[in-house]
Amino acid sequence: MKFSRLYLTFIFFVLYMPIFYLIYYSFNSGGTMHHFESFTLDWYKEVFADTRLLIIVLHTMIIALLSSSLATIIGVFGAITIYYAKHRWKQTLLTLNNVLIVSPDVIIGASFLILFTIAGIQLGFTSVLLSHIAFSIPIVVLMVLPKLQEMSPTLIDAARDLGANEWNILTKVILPYITPGIFAGFFMALTYSLDDFAVTFFVTGNGFSTLSVEIYSRARQGISLSVNALSTLLFLFTLVLVVVYYVITQRASAKGGQK
Amino acid sequence: MRRYAYAIPYWLWIGLFVVAPIILIIYYSFFDIEGHFSLVNYETFFTPVYLRMTVNSFWYAFLITACSLLIAYPTAYLLTKTKHKQLWLLLIILPTWVNLLLKAYAFLGLFGTYGAVNALFEAIGIGTKQLLFTDFSFVFVSVYIFIPFMILPIFNALEKLNPSLIDAARDLGASEWTTFRRVIFPLTLDGVKAGCQAVFIPSLSLFMLTRLIAGNRVITLGTAVEQHFLVTQNWGMGATIAVFLMIAMASIMALTGNKKWGVRQ
């Protein structure tokens, strides 16, 4: 028992050590990640004074919100398509759906780069947005599909018997039932988009950059504590996102319990 | 009929972003750097340079997967025994929400010549070691990044395990090790497979870690694809390597079996 607690403590220590290491040194006036001189907020000031960085943050947010919203809409209808598909087709559709989830990022990035070049789409905002939508759709589908599958088909039959048309069935029966899945899918898509580096790295042009790509190019130049300050802010943002997600899912499941 | 109208964007997506990219990659792999149709890329791939790179990538991916599994299984097992397991699980998942690049960047500081790890080594008398830009740091950071993806499916599999089976094994006189080997492990094999898939495939194609942490000392197939597409602009060769990565991926999926896809995940 003692050993197991020690083991888990060690795992958690290793998991969180790098993150807190970054945060700790973001307050270092010394400018390095190994010798703490004195407490300062200069690096945070530097982050907030860096207009280019702030624009990149804004771009990242816009891309994330837009791509996950659009991916959620397409993905929900995709899940419904798979749900209604005949058995033989269902497996094929699911396999096609999962291709982008299991593909290594480099391949997704490289193949999208070819695709955009052939289609004549200029690399930049559009190409990044389209790629983010593309790799988020299957995740939404996978989050929504189990909800559809656990829904009793008699619900739809009942609605139809009571005279509902297809549109009514969709908006009054199916969508309300799968709402928790939709939220889960949206949040997963959001985190995938915020977290993506490899695909964006391939399809982003010269003038456009997201946070991951920017951090990569800064990290390649060596250590700069403004990256630490930025990571602290991002970590706090992530925490807020987790709490929001947690509250939403808890509320959704509580609602489901009441009914 | 109207039911099919709303499926149009999804079908478009499958056509444009799933099927077309695969075809394009295969198509491009048959063109040399000047744009002539040829099999030269495949010839190049079967030269010792690329074959060694392939073997290397697989070796590193195997190492990363094996280390992750060895660390993750006990972690998942012990997590199921804790009191607030859902909370602890959330805490395991939380670091995956921190940008990958930032975690890699943190290790630049931790493993640096004057970093925390070397300071610790100095304190216990091992002395300063070159940690950054070695294969050790590459494997360590990769395992660090992938481990939650290994813990999660194993944890889920362990949760689904019927505890009375373990009691039954005990009652029938099985030792703890025998119970684990004959009952627990076989019944959680699906989780282990899912975890191995989730770690092995991405680790075949890591490229930012090889650049940031391994300082180009480790060249994986992923690094080569990135190099050909973005630096040397030899798309044909990059596409050829990508074709082999896709074949590897498909065989791994077939090998580990993906019956459970879509149902859970």
Side-chain angles (χ1 to χ4, degrees), chain A residues 4 7-8 11-12 14-19 21-22 25 32-35 74 77-78 80-81 84 94 96-100 102-108 110-115 118 134 137 142 145-146 166 191 194-195 197-198 202 211-212 215-216 219-220 223 227 231 234-235 238 241-242, chain B residues 2-3 6-7 9-10 13-14 17-18 20-22 24-25 28 74-75 78-79 81 91-92 94-95 97-110 112 114-116 144 197 201-202 204-205 207-208 211-212 222 225-226 229-230 235 238-239 242 245-246 249 253 261-263 265:
Chain A
S4 73
Y7 185 81
L8 279 185
I11 293 289
F12 276 103
V14 174
L15 267 181
Y16 280 90
M17 169 77 182
I19 298 164
Y21 192 75
L22 278 184
Y25 279 102
T32 58
M33 260 209 271
H34 52 75
H35 177 71
I74 301 173
F77 287 127
I80 295 174
T81 312
Y84 277 130
L94 260 178
L96 284 174
N97 186 68
N98 292 342
V99 165
L100 285 186
V102 297
S103 297
D105 291 349
V106 214
I107 293 185
I108 302 180
S111 59
F112 283 5
L113 175 64
I114 299 180
L115 184 75
I118 284 188
I137 288 174
L142 284 194
L145 203 55
E166 290 292 328
T191 50
L194 286 174
D195 212 36
F197 163 70
F202 271 89
L211 257 181
S212 301
I215 293 167
Y216 177 73
R220 285 201 81 177
I223 284 159
V227 176
S231 61
L234 283 176
F235 186 65
T238 312
L241 218 59
V242 170
Chain B
R2 280 195 47 204
R3 178 186 288 177
Y6 58 66
Y10 186 70
W13 169 76
I14 286 189
F17 290 100
V18 180
I22 298 175
L24 281 174
I25 286 271
Y28 263 75
T75 312
L78 294 174
L79 275 178
K81 303 265 179 251
L91 283 174
I92 292 273
L94 188 64
W97 289 33
V98 174
N99 198 303
L100 186 82
L101 272 304
L102 289 178
K103 285 184 282 193
Y105 172 75
F107 279 100
L108 289 181
L110 272 168
Y114 306 105
Y144 170 82
Q197 273 181 6
I201 294 171
L204 262 183
S205 68
F207 74 90
M208 65 303 229
R211 294 226 189 284
L212 283 177
V225 172
E226 189 253 357
F229 268 93
L230 299 177
W235 286 17
L245 266 176
M246 289 199 293
M249 187 188 88
M253 299 298 297
W261 276 107
V263 185
Q265 265 304 313

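Lettering of chains follows the sequences in order, A, B, ..., and the numbering in each one begins at 1.
- The parts of Leu245(B) that come within reach of chain A are both its backbone and its side chain, each placing non-hydrogen atoms under 4.5 angstrom from that chain.
- In this structure the side chain of Phe197(A) reaches within 4.5 angstrom of the side chain of Phe207(B), judged on heavy atoms.
- For Leu211(A), no part lies near chain B; criterion is any non-hydrogen pair under 4.5 Å.
- Atom-to-atom distance recorded for Ser103(A):OG and Met246(B):CE is 8.0 Å, nearest 0.5 angstrom.
- The greatest number of non-hydrogen atom pairs below 4.5 Å with chain B, out of Thr81(A), Leu15(A), Leu115(A), Ile74(A), is found for Leu15(A).
- With rounding to the nearest 0.5 angstrom, the CG atom of Leu108(B) is 5.5 Å from the CD1 atom of Ile223(A).
- Between Glu226(B) and Val106(A), the shortest heavy-atom contact is N-CG1, 4.3 Å.
- Taking the side chain as every heavy atom from C-beta outward, Ile80(A) and Tyr10(B) never approach each other to under 4.5 Å.
- Note: Ser212(A) OG to Asn99(B) CG = 3.5 Å, rounded to the nearest 0.5 Å.
- Annotation: maximal heavy-atom pairing with chain A below 4.5 Å, among Val98(B), Ile92(B), Leu79(B), Leu102(B), occurs at Leu102(B).
- Phe229(B) has its side chain within reach of Ile114(A): a pair of non-hydrogen atoms, C-beta onward, lies under 4.5 Å apart.
- Here the shortest heavy-atom pairing between Tyr21(A) and Ala106(B) reads CD2-O, 4.2 Å.
- With a threshold of 4.5 angstrom between heavy atoms, Tyr105(B) approaches chain A through its backbone and through its side chain.
- Note that the CG atom of Asp105(A) and the CE atom of Met208(B) stand 6.5 Å from one another [nearest 0.5 Å].
- Atoms CG and OG, on Leu78(B) and Ser4(A) in that order, are 5.0 Å from each other to the nearest 0.5 Å.
- Highest contact tally toward chain A, considering only Gly238(B), Ala239(B), Ala242(B), Pro95(B), is held by Pro95(B) [criterion: heavy-atom pairs under 4.5 Å].
- Only the side chain of Trp235(B) comes within less than 4.5 Å of a heavy atom in chain A; its backbone stays farther off.
- Residue Thr191(A) touches chain B through its side chain alone, counting heavy-atom pairs closer than 4.5 Å.
- Comparing Leu234(A), Ile137(A), Thr32(A) by heavy-atom pairs within less than 4.5 Å of chain B, the highest count is held by Ile137(A).
- Contact tally against chain B (heavy-atom pairs below 4.5 Å) for Ile118(A), Ile19(A), Val227(A): the top residue is Val227(A).
- In this structure, OG1 in Thr75(B) is found 4.0 Å from CD1 in Ile11(A), a value given to the nearest 0.5 Å.
- For Phe202(A), the parts lying under 4.5 angstrom from a heavy atom of chain B are both the backbone and the side chain.
- If you look at Phe77(A) and Tyr6(B), their ring centroids are closer than 6.0 Å.
- Both the backbone and the side chain of Tyr114(B) come within contact range of chain A, each with at least one heavy atom under 4.5 Å from a heavy atom of that chain.
- For chain A, the option among Leu212(B), Ile22(B), Leu110(B) with the highest count of heavy-atom pairs below 4.5 Å is Leu110(B).
- In terms of heavy-atom pairs under 4.5 angstrom with chain B, the leader among Ile108(A), Leu241(A), Leu100(A), Val99(A) is Leu100(A).
- Comparing Val225(B), Ile25(B), Leu100(B) by heavy-atom pairs within less than 4.5 Å of chain A, the highest count is held by Ile25(B).
- When heavy atoms are compared at a cutoff of 4.5 Å, Leu194(A) approaches chain B solely by way of its backbone atoms N, CA, C and O.
- Heavy atoms of Ala20(B) lying under 4.5 Å from chain A belong exclusively to its side chain.
- If you tally non-hydrogen atom pairs under 4.5 Å between each of Ile14(B), Leu204(B), Leu94(B) and chain A, the highest count goes to Leu94(B).
- Looking only at distances, a side-chain donor or acceptor of Tyr16(A) sits under 3.5 Å from a matching main-chain atom of Leu91(B).
- For Leu96(A), the parts lying near chain B are the backbone and the side chain together; criterion is any non-hydrogen pair under 4.5 Å.
- With a threshold of 4.5 angstrom between heavy atoms, Tyr216(A) approaches chain B through its backbone and through its side chain.
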